[in-house]
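The residues of the chain are indexed from 1 along the displayed sequence. Treat the numbers as computed from the prediction; the structure is a model and nothing was measured.
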Amino acid sequence: MFACFYFKEKSIQLSEYSIKTYGNGKNGHHLKNWCIEVSNDGSNWKEIDHRPEDQTLNGPHKQSIFKINEKQTEFYHFIRLRQTGCSWYGNYDFDISKIEFFGILKCKN
């Protein structure tokens, strides 16, 4: 399961991202195992963040900012949030109410 974001004529150098959970209770379809990947063509992906067994988002309306540990030097047109294991509910479904990306946005001239 994944969510993919395409910036079209723009590209981003990602430094952080924020995720907010939806309103269901603890141990619901909240993310537990995921990674963030980037690409310029939508086919070849580079993993830039990995969160296994992360407890940060286990609950209703929880929000956290996640820092990309390795400074990025490239700009990318695609960002993908990919689930890499079960949610807190124990299946491969996940629900989020919001995701935000932080970094440098470059417009095509």
Side-chain angles (χ1 to χ4, degrees):
M1 184 74 75
F2 66 87
C4 186
F5 304 89
Y6 176 40
F7 290 84
K8 296 185 179 182
E9 73 281 349
K10 297 176 176 75
S11 56
I12 187 168
Q13 187 180 75
L14 191 64
S15 60
E16 297 172 316
Y17 62 98
S18 171
I19 297 174
K20 182 176 181 181
T21 65
Y22 68 106
N24 202 359
K26 189 172 182 175
N27 297 323
H29 294 133
H30 305 299
L31 283 169
K32 180 179 181 182
N33 302 283
W34 75 91
C35 69
I36 296 291
E37 299 169 313
V38 291
S39 174
N40 274 318
D41 61 8
S43 296
N44 299 297
W45 295 92
K46 175 185 173 186
E47 183 177 292
I48 61 169
D49 191 52
H50 188 81
R51 304 286 169 157
E53 301 291 315
D54 193 295
Q55 297 185 28
T56 309
L57 300 174
N58 187 16
H61 307 293
K62 295 228 177 201
Q63 185 168 352
S64 190
I65 295 175
F66 301 94
K67 183 174 175 59
I68 306 298
N69 289 326
E70 186 177 317
K71 181 171 172 36
Q72 299 299 301
T73 58
E74 305 273 331
F75 285 80
Y76 296 96
H77 291 286
F78 294 89
I79 297 176
R80 181 166 72 179
L81 165 68
R82 184 171 57 86
Q83 189 175 15
T84 59
C86 291
S87 69
W88 284 101
Y89 191 72
N91 63 14
Y92 286 89
D93 294 336
F94 72 87
D95 296 319
I96 60 174
S97 65
K98 180 171 68 170
I99 187 166
E100 296 176 283
F101 301 112
F102 305 96
I104 301 170
L105 188 65
K106 184 168 72 172
C107 296
K108 191 175 187 179
N109 291 336

Give every donor-acceptor pair under 3.5 Å between a side-chain atom in residues 35-43 and any protein atom, sequence neighbours left out.
residue: Glu37; atom: OE1; partner: Arg80; partner atom: NE; Å: 2.8
residue: Glu37; atom: OE1; partner: Arg80; partner atom: NH2; Å: 2.8
residue: Glu37; atom: OE1; partner: Arg82; partner atom: NE; Å: 3.1
residue: Glu37; atom: OE2; partner: Arg82; partner atom: NE; Å: 3.2
residue: Glu37; atom: OE2; partner: Arg82; partner atom: NH2; Å: 3.0
residue: Ser39; atom: OG; partner: Asp41; partner atom: N; Å: 3.1
residue: Ser39; atom: OG; partner: Asp41; partner atom: OD1; Å: 3.1
residue: Ser39; atom: OG; partner: Gly42; partner atom: N; Å: 2.9
residue: Ser39; atom: OG; partner: Asn44; partner atom: O; Å: 2.8
residue: Asn40; atom: OD1; partner: His77; partner atom: N; Å: 3.1
residue: Asn40; atom: ND2; partner: Phe75; partner atom: O; Å: 3.3
residue: Asp41; atom: OD1; partner: Ser43; partner atom: N; Å: 2.8
residue: Asp41; atom: OD1; partner: Asn44; partner atom: N; Å: 2.9
residue: Asp41; atom: OD2; partner: Asn44; partner atom: ND2; Å: 2.7

### Message
For Phe2 together with Trp45, are the ring centres under 6.0 Å from each other?
### Response
no
### Task
Flag the pair Phe101 / Tyr17 as yes when their ring centroid distance falls below 6.0 Å, and as no otherwise.
no
### Query
Tell me, do Trp88 and Gln55 make a side-chain contact under 4.5 Å, heavy atoms counted?
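In short, these two side chains touch, coming nearer than 4.5 Å.
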### Query
Do side-chain atoms of Tyr92 reach the backbone of Gln83 as a donor and acceptor pair under 3.5 angstrom?
no
### Donor-acceptor pair, side chain of His30 and main chain of Asn24, under 3.5 angstrom
yes
### Message
Let me confirm one number: the NZ-OG1 distance from Lys32 to Thr84, rounded to the nearest 0.5 Å.
### Response
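Rounded to the nearest 0.5 Å, the NZ-OG1 separation comes to 11.0 Å.
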### Summary
Between the CZ atom in Arg51 and the CD1 atom in Ile19, the distance rounded to the nearest 0.5 Å is 9.0 Å
Which atom of [X] lies closest to which atom of [Y], heavy atoms considered:
X: Pro60; Y: Gly23; result: CB-O, 3.4 Å
X: Gly103; Y: Ser15; result: CA-OG, 3.6 Å
X: Thr56; Y: Lys62; result: O-CD, 3.5 Å
X: Gly28; Y: Ser87; result: O-OG, 4.1 Å

### Partner residues of Asn33 under the side-chain hydrogen bond (donor to acceptor under 3.5 Å, both in side chains) criterion, sequence neighbours left out
none
### Query
Taking Ile96 as the fixed residue, which of Leu81, Leu57, Thr21 is the one that meets the side chain to side chain contact (heavy atoms under 4.5 Å, CB included) rule?
Leu81
### Message
Taking salt bridge (charged side-chain N to carboxylate O under 4.0 Å, His left out) as the definition, give me every residue that meets it alongside Glu70, ordered by chain and number, with sequence neighbours left out.
### Response
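Once residues adjacent in sequence are excluded, Glu70 has no partner under the salt bridge (charged side-chain N to carboxylate O under 4.0 Å, His left out) criterion.
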Following the transitive rule for hydrophobic clusters with a side-chain heavy-atom cut-off under 4.5 Å over Ile, Leu, Val, Met, Phe, Trp and Tyr, establish whether [X] and [Y] coincide in one cluster.
X: Tyr76; Y: Ile79; value: yes
X: Phe66; Y: Phe94; value: yes
X: Ile99; Y: Phe102; value: no

Quiz: residues 3-14 side-chain donor-acceptor pairs under 3.5 angstrom, not counting sequence neighbours:
residue: Gln13; atom: NE2; partner: Gln72; partner atom: O; Å: 3.4
residue: Gln13; atom: NE2; partner: Thr73; partner atom: O; Å: 3.2

### salt bridge (Lys or Arg N to Asp or Glu O under 4.0 Å): pairs with one or both residues in residues 83-92, sequence neighbours excluded
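Residue pairs passing salt bridge (Lys or Arg N to Asp or Glu O under 4.0 Å), neighbours aside: none found.
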### Query
Under the salt bridge (Lys or Arg N to Asp or Glu O under 4.0 Å) rule, what pairs show up with a residue in residues 90-106, not counting sequence neighbours?
Lys98-Glu100
### Message
Assess, by modelled atom type and distance only, whether the side chains of Asn69 and Asp49 contain a donor and an acceptor separated by less than 3.5 Å.
### Response
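Note: Asn69 and Asp49 side chains miss the donor-acceptor criterion.
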